[in-house]
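For reference, positions follow the sequence shown, starting with 1.
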Amino acid sequence: MAISFGDNLDKSFAYTNGAFKKFSGWFILIILSAIIYGATFAMVFALIAFLVGIFMAFPPMDAQLINTVDTVTGMSYVETMSYTAGADAMLSGLLIGGMLILMLAATIVMLLASFFLSGFILRVYRGEELNFKSPGKMFWQGIVYFVIVCIYMIPYSIVSELLMYGPIWNTGYLIITGCINIFLCILSTILAINAGIRYAKEGKFSAAFQIGKLCSIISNIGWLRYLGHLILFMIIIGAVQLLLMMIPFIGVLLLVVAVPFISIYQAKFFANLYESGEAL
């Protein structure tokens with residue numbers, strides 16, 4: 001029988017608690033999580049500023065029509081707006097270019113930090129000693145893990161994109177496509193999680209795409225049972241993160257500090273579930 005939800009929580013906590021006492025690289029993990037959060041914030045800020053720049057470069061048509069009609073004593077209002085439009089265009093051009101550079105830089109920084117963190121999480125999946133030895137290997141494995149997840153999400157991305165070309169104004173169509181998207185997203189997520197664990201344990205890229213073996217392991221657990229465990233666990237983790245963020249002033253800082261612990265706890269939870277299904 002597959003591991004129970006409560007038992008998995010206890011074992012995962014015991015593993016994380018043991019890691020907390022033995023592992024000495026928490027500061028590095030906290031820095032990595034801070035970089036990821038900071039880069040994500042920079043990406044969101046850059047995106048908003050980019051959209052503002054686009055709005056400035058292409059003002060609403062109504063505003064352009066009004067500008068061509070009104071006049072100001074001593075100087076044509078049209079001329080004033082032409083000058084202003086030229087200044088706005090230059091400013092918006094600088095804003096758009098700057099924000100594109102910021103988005104690109106933030107994305108690169110976030111990915112680099114994520115690769116290191118993902119490579120570390122693979123060591124949790126394997127159940128080996130947690131350390132930062134062989135950082136180059138850890139970084140490379142993090143990249144491979146990222147590629148594996150992306151490949152598993154391709155079918156969902158393609159289907160969801162194609163469905164957008166249908167009659168999205170139709171309520172029935174939206175409900176049906178919404179159900180399809182949710183189903184594919186859940187299926188891709190479950191397979192991607194277990195593919196990453198299998199890659200970590202086998203050490204081979206091809207092992208992550210042994211679909212039959214992955215489906216067999218998940219079937220031993222039970223697809224609905226696995227989904228139930230996944231949903232309940234994410235609710236618990238989400239609630240913890242929300243509570244931390246609600247703490248005034250230092251909530252975000254506490255969340256950044258807690259992310260490495262949560263990541264290890266989550267990785268061990270999924271690894272335990274995988275191992276229980278593999279043993280059956």
Could you give me the CA-CA distance, side-chain angles and deciding distance for Asn131 and Arg123, then say whether side-chain contact (heavy atoms from CB on, under 4.5 Å) is met? CA-CA 9 Å; Asn131 55 57; Arg123 297 185 175 183; 2.9 Å; yes
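Side-chain contact check for Ile211 versus Tyr152: some heavy-atom pair is nearer than 4.5 Å. With a 4.5 Å cut-off on side-chain heavy atoms, Phe261 and Leu29 do not count as touching. Looking only at side-chain heavy atoms (C-beta outward), Phe116 and Ile36 stay at 4.5 Å or farther from each other. Contact of the Asn272 side chain with the Ser12 side chain is registered, since non-hydrogen atoms from C-beta on lie closer than 4.5 Å.
Between the side chain of Tyr199 and the main chain of Leu122, no donor-acceptor pair closer than 3.5 Å is present. Of the possible polar contacts, one joining the Ser33 side chain to the Ile30 backbone as a donor-acceptor pair under 3.5 Å is found. Counting only distance, with no hydrogens or angles, the side chain of Thr189 and the backbone of Cys185 share a donor-acceptor pair below 3.5 Å.
Shortest non-hydrogen contact noted between Ala200 and Tyr125 is CB-CB, 3.7 Å. Across Tyr145 and Gly196, no two heavy atoms sit closer than the pair CE1-CA, 3.5 Å. Closest approach of Arg198 to Tyr274, counting heavy atoms only: NH1-OH, 2.9 Å. In plain terms, the two heavy atoms of Ala42 and Leu102 that are nearest each other are O-CD2, 4.1 Å. Across every non-hydrogen atom of Asp7 and Ser4, the tightest pair is CB-OG, 3.0 Å. Contact record, Ala46 with Met103: CB-CG, 3.2 Å, taken as the closest heavy-atom pair.
Side-chain heavy atoms closer than 4.5 Å link hydrophobic residues (I, L, V, M, F, W, Y) into clusters, and following such links, possibly through other members, connects Phe183 to Ile231. In this structure, Val240 is not a member of the same hydrophobic cluster as Met246, with clusters built from ILVMFWY side-chain heavy atoms closer than 4.5 Å. Taking hydrophobic clusters as Ile, Leu, Val, Met, Phe, Trp and Tyr residues chained together by side-chain heavy-atom distances below 4.5 Å, Val149 shares a cluster with Ile151. Using a 4.5 Å cut-off between side-chain heavy atoms of Ile, Leu, Val, Met, Phe, Trp and Tyr, with links allowed through other members, Phe13 and Trp26 fall into the same hydrophobic cluster.
Phe45 and Phe41 have parallel rings, their planes meeting at less than 30° on a 0 to 90° scale where 60° marks the start of perpendicular. Note: Phe5 and His229 have perpendicular aromatic rings, judged against thresholds of 30 and 60 degrees for the angle between ring planes. In this pair, Phe115 and Phe139 present their aromatic rings perpendicular. The plane angle is above 60°, beyond the 30 to 60° band.
Not counting sequence neighbours, the partners of Trp223 by the side-chain contact (heavy atoms from CB on, under 4.5 Å) test are Leu187, Ile190, Leu191, Cys215, Ile218, Ser219.
When ring centroids are compared, Phe132 and Phe120 come within the 6.0 Å threshold. Between Phe209 and Phe205, a ring centre-to-centre spacing shorter than 6.0 Å is recorded.
Residue Lys11 qualifies as open at atom NZ: its count of foreign heavy atoms under 6.0 Å is 12 or below. Atom CG of Leu162 sits in a crowded spot, with more than 12 heavy atoms from other residues, nucleotides or ligands closer than 6.0 Å.
Checked for salt-bridge contact, Lys22 and Glu129 miss the test: no charged N lies under 4.0 Å from a carboxylate O.
Checked by atom type, the side-chain pair Tyr226/Asn194 shows a donor-acceptor distance below 3.5 Å.
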